[in-house]
Amino acid sequence: MSMPNLRVRLFGIACLAMAIALPFCVSTYYTQFFAKALIMGMLAMSLNLVVGHGGLVSLCHAAFFGLAGYVLALLSPRYDAASLLTTLPIAILCSGTAALLIGALVLRTRGVYFIMVTLAFGEMLFFFFHDTKFAGGSDGISINIRPEIAIAGSQLLDLDKPMTFYFVVLGFLVGVIALLTMVVRSPFGRALAAARDNERRARSLGFPIFRLRLTAFTLSGALAGVAGYLAAAQFGFVAPQMLGWHQSATILVMVLIGGLRSVTGPLVGALVLIGMEEVLKAHLDNWKLAEGLIIIGIVILLPNGVRQIWSMVFGASPQRAAEIKPAAAEARHA
Amino acid sequence: MHDIALRAAGLQKRFGGLLAVSDVSIDIRAGEIHAVIGPNGAGKSTLINLLAGELLPTSGEVLLNGVDITSLSPDRRARAGLGRAYQKTTLFAQFSVHENVRLAAQARSTAPLRMFGGTRCDRPYLQLVTDAIDRVGLSARSQIIADKLSHGEQRQLEIAMVLATNPQVILLDEPLAGMGPSEARGIIGLIASLKADRALLVVEHDMDAVFELADRLTVMQDGRVIATGLPQDVRVDPGVRAAYLGADGGIA
Ligand SMILES: Nc1ncnc2c1ncn2[C@@H]1O[C@H](COP(=O)(O)OP(=O)(O)OP(=O)(O)O)[C@@H](O)[C@H]1O
Ligand SMILES: [Mg+2]
């Protein structure tokens, strides 16, 4: 293992250790706060498979997130807990299927058209839940009792305890990071990135671009479903806003803040954005304005996202060095 | 294997009012290099795009080993054994030389879209990658990002990527353009060595290279084939002489 690689791994382990220690060090309020932030991080990472690795700016990601939340809400009995082990797979399946169907249509377009069409489909789902009565309409519906993790009637984990819920979220988060890392590094992930870099060349080499992107889009939607399910379970409430374009844009901002080129960058972006909101909300009346200015500042100063701080602090990775050297040589030439 | 690896019959491509390719029929045989020459705008690149599937013909058909592939997408054609290099360099600009070529080999490997396992475990195709980089003479530059290569090196990389897909039929659009004389020498030798078990169509402006390489020669002008046959016959064709002598007289 090369040195930077080892360092990245040690850093990852340190982060995980901190995440495990966290709920023992902070109040219940912050345990819940961080559970929510990690769920949003998971959501942002799932979007980045399409945006960062696939090069496709999607504005309907919240639809898959919200859909899974609604699935949980609709499957939850009024006076009883739903079983996580059956409802979560159903929610993932629904989000994944929605992504497959929408993807099959939107992936025939490119560039700005792609953004517009994803926006349209996202809004279609939003208005579907907003304007029909079966799922509470614009008021949304509440989930009276959290889903439970139980086998043969005996409860394994009590999700009503904030700390337990936090660790369940953390477990899913680690799973999603592992899955996305595996996919991004696999031949599939390399082909997806190649199609982002030069679609024409990727196609002429023999990569089936449409199938490649549709698979990524579907996987991304399914993972958004995991986040949506957990979010609905945490809040005990779902409303159409969960699916709206405003939410989609927020996820995209998290991805941009965190950087497009890594798996965990968007997680950092989500933590930064949500943490910043929390601090600003407590101290300012016009916190939205301040937040906007700070986001603009971040994007201008750190075009590769907050993660660039990593390479600023710890030095460039070897691949970057190879990139920079010839560039410097050219600069001298000029 | 079919003697005629790639056949185009009555190909026509219209861009609005312009007939870029008009009633072109061409046979490319296994074990041969078929050169296509013609003045700028003659329709050579359009012909390659029609053969590779990037453009759909207005009429006419394309057969690969006797099978009609006229309506197949470019990626299906590539998987059926067709490889191409572009006139205007078309690479994965942000990736290293090695990664560019590795992706090419991956596209034709047994599981090109495998979603688990890294990209380092596939020994057989990694050998193909190093060989392809070696053969175009880029081994010393394999870790450089494609964007940072000189124009000539990018042309070499373009060819390495075709090699790595190990195609039966190779379409090269001006492979020597932008290369220095010594690199061009190497690439001419390389192209000549490829024909042993493959069929090649080479579009090229460098007449010395054309006459050195070509087993068969087709001349295009204004979208039409004006002469086709053995190089020594085409060279003395009066129509061809008229078309070329007017321009630069370089063919004789
Ligand atoms: N996509 C397109 N849309 C409209 N016209 C096109 C298109 N592609 C090519 N043409 C036109 O078709 C004609 C043939 O172009 P083509 O690129 O095939 O010529 P060529 O023989 O490759 O020329 P060169 O030697 O300059 O590469 C030209 O007049 C060109 O302007
Ligand atoms: Mg051309």
Side-chain angles (χ1 to χ4, degrees), chain A residues 1-2 5 49 52-53 55 108 178-216 218-220 222 260-261 304 317-331 333, chain B residues 49 52-54 73-86 88-97 99-122 125 141-150 158 161-162 164-165 167 171:
Chain A
M1 204 188 301
S2 64
N5 208 336
L49 182 64
H53 301 282
R108 296 178 196 283
L179 180 72
L180 285 174
T181 305
M182 181 186 82
V183 169
V184 164
R185 290 184 184 166
S186 71
F188 174 88
R190 299 309 300 164
L192 184 66
R196 171 198 70 209
D197 202 56
N198 194 331
E199 178 176 345
R200 204 169 173 214
R201 171 50 95 172
R203 180 175 284 120
S204 78
L205 287 177
F207 289 117
I209 307 297
F210 181 74
R211 181 144 52 92
L212 193 65
R213 288 181 172 163
L214 187 56
T215 309
T218 305
L219 178 61
S220 155
L260 296 160
R261 290 292 182 263
N304 293 335
S317 67
Q319 192 191 332
R320 286 259 176 69
E323 247 184 274
I324 289 162
K325 240 181 277 160
E330 267 163 38
H333 222 76
Chain B
N49 283 331
E54 222 158 88
S73 60
D75 51 307
R76 298 275 299 277
R77 292 189 200 201
R79 295 201 293 281
L82 203 72
R84 71 162 307 179
Y86 290 86
K88 188 171 172 297
T89 306
T90 303
L91 303 164
F92 303 121
Q94 298 171 16
F95 296 173
S96 71
V97 169
E99 184 63 3
N100 267 276
V101 183
R102 197 199 59 71
L103 279 160
Q106 179 190 323
R108 296 298 311 281
S109 67
T110 46
L113 299 185
R114 186 161 43 81
M115 294 185 85
F116 50 86
T119 51
R120 278 160 208 223
C121 43
D122 292 283
Y125 87 67
R141 309 279 284 160
S142 77
Q143 293 312 315
I144 308 292
I145 303 297
D147 223 9
K148 305 278 182 265
L149 294 175
S150 72
E158 183 93 13
M161 290 170 78
V162 178
T165 61
L171 313 173

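Chain naming here is simple, since letters A, B, ... match the order of the sequence lines and numbering starts at 1 in each. Given the structure is predicted, the values throughout are model-derived calculations rather than measurements.
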Contact summary for A:Ser204 and B:Ala78, nearest pair of heavy atoms: O-CB, 3.3 Å
Max heavy-atom pair count under 4.5 Å with chain A, selected residue of B:Phe92, B:Phe116, B:Tyr86: B:Phe92
Among A:Ala191, A:Ala193, A:Pro208, A:Gly189, residue most engaged with chain B (heavy-atom pairs, under 4.5 Å): A:Pro208
Against chain A, label B:Arg102 side chain, backbone, both or neither, depending on which of its atoms sit under 4.5 Å from a heavy atom there. side chain
Quick check: does any side chain N or O of A:Asn198 sit under 3.5 Å from a backbone N or O of B:Ala93, one acting as donor and the other as acceptor? no
Any side-chain heavy-atom pair from A:Leu212 and B:Leu113 closer than 4.5 angstrom? yes
Chain A contact via B:Ala52 - which portion, at a heavy-atom distance below 4.5 Å: neither
Applying side chain to side chain donor-acceptor pair (under 3.5 Å), name anything that partners A:Arg213, two or more places apart in sequence or on another chain. A:Glu199
Are side-chain heavy atoms of B:Arg114 and A:Ser186 found at a separation under 4.5 Å? no
What is the minimum heavy-atom distance between A:Pro187 and B:Gly117, and which atoms define it? CD-O, 3.5 Å
Of all residues at least two apart in sequence or in a different chain, which pass the side chain to side chain donor-acceptor pair (under 3.5 Å) check with B:Ser109? none
For the interface with chain A, which of B:Val162, B:Leu103, B:Thr165 has the highest count of heavy-atom pairs at distances below 4.5 Å? B:Leu103
Once you round to the nearest 0.5 Å, how far does CG of A:Leu205 lie from CZ of B:Arg79? 11.5 Å
N/O donor-acceptor pair under 3.5 Å between A:Arg201 side chain and B:Thr90 backbone: yes
What part of A:Leu192 gets closer than 4.5 Å to chain B, counting heavy atoms only: side chain, backbone, both or neither? neither
Evaluate salt bridge (Lys or Arg N to Asp or Glu O under 4.0 Å) for B:Glu99 paired with A:Arg190, printing each intermediate quantity in order. CA-CA 9 Å; B:Glu99 184 63 3; A:Arg190 299 309 300 164; 2.7 Å; yes
Hey, are the side chains of A:Arg200 and B:Pro74 touching, using non-hydrogen atoms and a 4.5 Å cut-off? no
What distance do A:Asp197 atom CG and B:Asn100 atom CG have between them, rounded to the nearest 0.5 Å? 8.0 Å
